[in-house]
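Structure first, then comments.
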Amino acid sequence: MKYVLMFIETEEYAKEFEAKGPAEREEAYRRVYQWFDDHRDKITDRGNKLQGPETATTVRLDGGVAMTTDGPFIEGKEVVSGFTEIDVADLDEALRMVRSWPACPVIEIRPVAEM
């Protein structure tokens, strides 16, 4: 079954990461790369890091009218910072996999709708 993992940064996590020195940041990235390598047989794409929420453009469709605004779709203290797609047996396997995620503190797991 395919799932998308959405990696969600909290405001607190982002501040803590920014406060790290260069060597600590490099080690954090190394752990993330290692996680992707450890699970490469289940990852169906390489994953992507998103630019910050301030770079977002939101389109709201209302009655056939498209309203475009700059910025994220919601004001919040958590933002999706990256994503990847996995192919695993079931949700339990996805849960086991994300329990070892070494970075941001929230991961949303969502099944991919087969079209």
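All residue numbers in this chain count up from 1 along the given sequence.
The cluster map of Ile, Leu, Val, Met, Phe, Trp and Tyr, joined by side-chain heavy atoms under 4.5 Å apart, puts Tyr29 and Ile8 in different clusters. Clustering ILVMFWY residues whenever any of their side-chain heavy atoms sit less than 4.5 angstrom apart, transitively, puts Ile109 in the very cluster that holds Phe36.
With sequence neighbours excluded, the residues that form a side-chain contact (heavy atoms from CB on, under 4.5 Å) with Ala103 are Tyr13, Val32, Trp101.
The two residues Ala94 and Ile86 have their closest heavy-atom pair at CB-CD1, 3.9 Å. Glu9 approaches Cys104 most closely through the heavy-atom pair CG-CB, 3.8 Å. Closest heavy-atom contact between Lys42 and Glu93: CE-OE2, 2.8 Å.
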Assess whether side chain to side chain contact (heavy atoms under 4.5 Å, CB included) is satisfied between Asp87 and Tyr3, documenting all intermediate values.
CA-CA 6 Å; Asp87 193 351; Tyr3 292 91; over 6 Å; no
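No donor-acceptor distance shorter than 3.5 angstrom exists from the side chain of Glu18 to the backbone of Lys15, with no hydrogens or angles considered.
No side-chain heavy atom of Pro111 sits under 4.5 Å from any side-chain heavy atom of Lys2. Looking only at side-chain heavy atoms (C-beta outward), Glu85 and Val112 come within less than 4.5 Å of each other.
Atom CZ of Phe17 has more than 12 heavy atoms from other residues, nucleotides or ligands within 6.0 Å. Around CD of Glu12, the count of heavy atoms belonging to other residues, nucleotides or ligands within 6.0 Å does not exceed 12.
Within the structure, salt bridge (charged side-chain N to carboxylate O under 4.0 Å, His left out) contacts touching residues 97-108 (residues at least two apart or in different chains) are Glu108-Arg110.
The CD atom of Gln34 sits 10.5 Å away from atom OG of Ser100, with the distance rounded to the nearest 0.5 Å. Note that OG1 of Thr84 is 5.0 Å distant from CD1 of Ile43, once rounded to the nearest 0.5 Å. Atom CE of residue Met97 and atom CG of residue Asp38 lie 9.5 Å apart, to the nearest 0.5 angstrom.
Between Trp35 and His39, the ring planes lie tilted relative to each other; the angle falls in the 30° to 60° range.
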